[in-house]
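Beneath this line is the structure, given in structure tokens, with notes to follow.
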2 protein chains.
Amino acid sequence: MKLSKTADYSLRILSFMAKKPEQIHTAKDLVAKLNISDKYLRRLMTQLSKTGFIKSIQGREGGYSFTKPTEQIFVSQIIDAVDGLEKYMGCIMGFGDCSDDNPCALHKKWAKVRSQIMILFETTSIAEMAEKDVQKV
Amino acid sequence: MKLSKTADYSLRILSFMAKKPEQIHTAKDLVAKLNISDKYLRRLMTQLSKTGFIKSIQGREGGYSFTKPTEQIFVSQIIDAVDGLEKYMGCIMGFGDCSDDNPCALHKKWAKVRSQIMILFETTSIAEMAEKDVQKV
DNA sequence: TTTAAATACTACCTGTAAGTATTATTTATT
DNA sequence: AATAAATAATACTTACAGGTAGTATTTAAA
């Protein structure tokens with residue numbers, strides 16, 4: 001499984017910012033630290049601002065900062081905001097109307113694994129990701 | 001999580017064929033039954049023939065048939081043949097070099113779920129999918 | 001009030017998965 | 001030998017995610 005690059009970028013950006021959650025982060029700095037293409041990151045920041053996780057501060061001395069505690073921002077919410085969770089949580093065979101009552105041949109087995117994925121996404125906060133001592137950001 | 005349409009198609013085609021594993025199946029018939037675009041399915045059949053799961057029989061009365069028992073063809077092999085398993089089994093954050101020694105912030109949690117996905121793919125045969133009494137093919 | 005340093009917006013470019021069209025080739029039947 | 005019915009190969013088209021370029025707007029500091 002892979003998330004879209006946009007979702008990956010969003011997680012990386014927000015978990016990086018969450019290492020210093022009170023600070024105002026500029027796009028320039030994020031680009032330098034995260035190795036994400038400049039213009040795409042800037043567009044994404046605007047998009048993330050509109051979702052409400054962060055707010056933008058325009059003008060000189062501007063940048064981006066969180067609107068709420070990073071303990072209250074979960075991976076599932078971020079993926080949902082940028083891609084829509086249903087993109088990842090639908091039928092593994094690609095059927096639009098797959099359900100317990102009208103299942104595909106992998107439905108039962110997949111439903112179990114999918115719920116594990118959902119639990120992971122729903123219980124992992126940006127704060128948790130930020131506090132890990134990992135090289136990769 | 002979603003597989004590529006090509007992988008979805010491959011699973012649907014092969015599990016449909018596996019309902020009558022001794023029969024020679026024509027592209028025409030598969031298109032009619034599976035609601036997959038004609039030309040794309042035909043190209044995919046050629047590709048699947050080259051992977052060795054099925055063989056093509058050219059000329060009049062031709063079509064496609066299995067080269068081995070459907071109990072010995074697993075979902076993981078099919079996905080690997082058409083997309084490459086690594087497309088789905090890599091780092092959830094998109095890092096190329098994520099590992100236990102050099103992990104991303106989600107590595108540990110994701111590794112557990114990913115192994116469940118792998119087990120599902122590796123232990124589900126086309127024969128098993130075919131014998132399920134499901135509407136969706 | 002001017003300037004510098006930041007974000008916002010709009011339009012365009014590019015690569016790839018998926019879909020389509022056309023023609024060539026193969027082989028059983030007649 | 002001719003035909004019909006199947007697969008094979010090649011090239012073109014389309015949609016969209018991701019990436020790029022240029023200009024406009026905002027605001028603190030000098």
### Query
So which heavy atom on B/Leu30 is nearest to which on B/Phe16, and how close?
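Result for this residue pair: CD2-CD2, 3.6 Å.
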- Shortest non-hydrogen separation from A/Ala18 to A/Pro21 and the atoms involved: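 So the two residues come closest at O-CD, 3.2 Å.
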**Q.** Boundaries of the DNA chain C segment in contact with chain A, non-hydrogen, under 4.0 Å
**A.**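 For DNA chain C, the relevant span reads C/dA4 to C/dA11.
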Rounded to whole Å, how long is the line connecting atom [atom1] of [X] with atom [atom2] of [N]?
X       : N      : atom1 : atom2 : answer
B/Lys39 : D/dA6  : NZ    : P     : 15 Å
A/Ile36 : D/dG19 : CD1   : C1'   : 13 Å
B/Tyr64 : D/dA5  : OH    : P     : 17 Å
B/Arg43 : D/dT10 : CZ    : C1'   : 10 Å

Note to self: Reading DNA chain D from 5' onward, which residue's closest nucleotide shows up sooner: B/Thr46 or A/Asp38?
What the structure shows: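 Result of the comparison: B/Thr46.
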Extract all donor-acceptor atom pairs below 3.5 Å that involve side chains of residues 80-87 of chain A and protein atoms in other chains or at least two apart in sequence.
residue	atom	partner	partner atom	Å
A/Asp80	OD1	A/Leu85	N	2.8
A/Asp83	OD1	A/Ser4	OG	3.1
A/Asp83	OD2	A/Ser4	OG	2.5
A/Asp83	OD2	A/Tyr88	OH	2.5

Any residue meeting salt bridge (Lys or Arg N to Asp or Glu O under 4.0 Å) with A/Lys109, in chain and number order, not counting sequence neighbours: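 A/Lys109 satisfies salt bridge (Lys or Arg N to Asp or Glu O under 4.0 Å) with B/Glu128 only.
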### Task
Using a 4.5 Å cut-off on heavy atoms from C-beta on, say whether the side chain of B/Val75 contacts that of B/Met129.
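When only atoms from C-beta onward are counted, B/Val75 and B/Met129 do touch, with a gap below 4.5 Å.
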Kindly state which residues belonging to residues 53-63 of chain A come within less than 4.0 angstrom of DNA chain C, counting heavy atoms of the residue only, listed by number.
->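 Residues of residues 53-63 of chain A that come under 4.0 Å of DNA chain C are, in numerical order, A/Ser56, A/Ile57, A/Gln58, A/Gly59, A/Arg60, A/Gly62, A/Gly63.
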Through direct or indirect side-chain contacts below 4.5 angstrom among Ile, Leu, Val, Met, Phe, Trp and Tyr, which residues connect to B/Ile119?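 For B/Ile119, no cluster forms, as it stays isolated from other hydrophobic side chains.
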Q: Kindly say if A/Ser37 contacts the phosphate of D/dG18, meaning a side-chain N or O under 4.0 Å from OP1 or OP2.
A: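 Result: no.
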Margin query: It should be established whether B/Lys50 places a side-chain nitrogen or oxygen under 4.0 Å from OP1 or OP2 of nucleotide D/dA9.
Written below: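 So the side-chain polar atoms of B/Lys50 do come within 4.0 Å of the phosphate oxygens OP1 or OP2 of D/dA9, strictly under.
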For B/His107, which residues count as a side chain to side chain donor-acceptor pair (under 3.5 Å) partner, sequence neighbours excluded?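 Here the qualifying residues are B/Asp100.
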For this session: With sequence neighbours left out, write down each residue that passes side chain to side chain donor-acceptor pair (under 3.5 Å) with A/Thr26, or none if nothing qualifies.
Result: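 Side chain to side chain donor-acceptor pair (under 3.5 Å) list for A/Thr26, sorted by chain: empty.
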Atom pairs and distances, side-chain donor-acceptor, residues 111-118 of chain B, under 3.5 Å, sequence neighbours left out:
residue	atom	partner	partner atom	Å
B/Arg114	NH1	B/Met89	O	2.9
B/Arg114	NH1	B/Gly90	O	3.2
B/Ser115	OG	B/Lys112	O	2.9

- [ ] Say whether, by atom type as modelled, one donor and one acceptor occur between the side chain of A/Gln23 and the main chain of A/Lys20 under 3.5 angstrom.
- [x]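 Pair absent, no side-chain N/O of A/Gln23 close to backbone of A/Lys20.
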> Are the charged groups of A/Arg12 and A/Asp8 less than 4.0 angstrom apart, N to O?
Replying inline: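 Between A/Asp8 and A/Arg12 there is no salt bridge, as every charged N stays at least 4.0 Å from the carboxylate O atoms.
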Table of protein N/O atoms under 3.5 Å from nucleotides 13-17 of chain D N/O atoms:
none

Return the residues of residues 75-84 of chain A meeting this criterion: a heavy atom under 4.0 Å from some atom of DNA chain D. Order them by number, or give none.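 Nothing qualifies; none.
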Side-chain donor-acceptor pairs of residues 43-61 of chain A under 3.5 Å, sequence neighbours excluded:
residue	atom	partner	partner atom	Å
A/Thr46	OG1	A/Arg42	O	3.2
A/Ser49	OG	A/Met45	O	2.8
A/Thr51	OG1	A/Leu48	O	2.6

For B/Lys108, what residues pass the side chain to side chain contact (heavy atoms under 4.5 Å, CB included) criterion, not counting sequence neighbours?
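Side chain to side chain contact (heavy atoms under 4.5 Å, CB included) check on B/Lys108 returns nothing, list empty.
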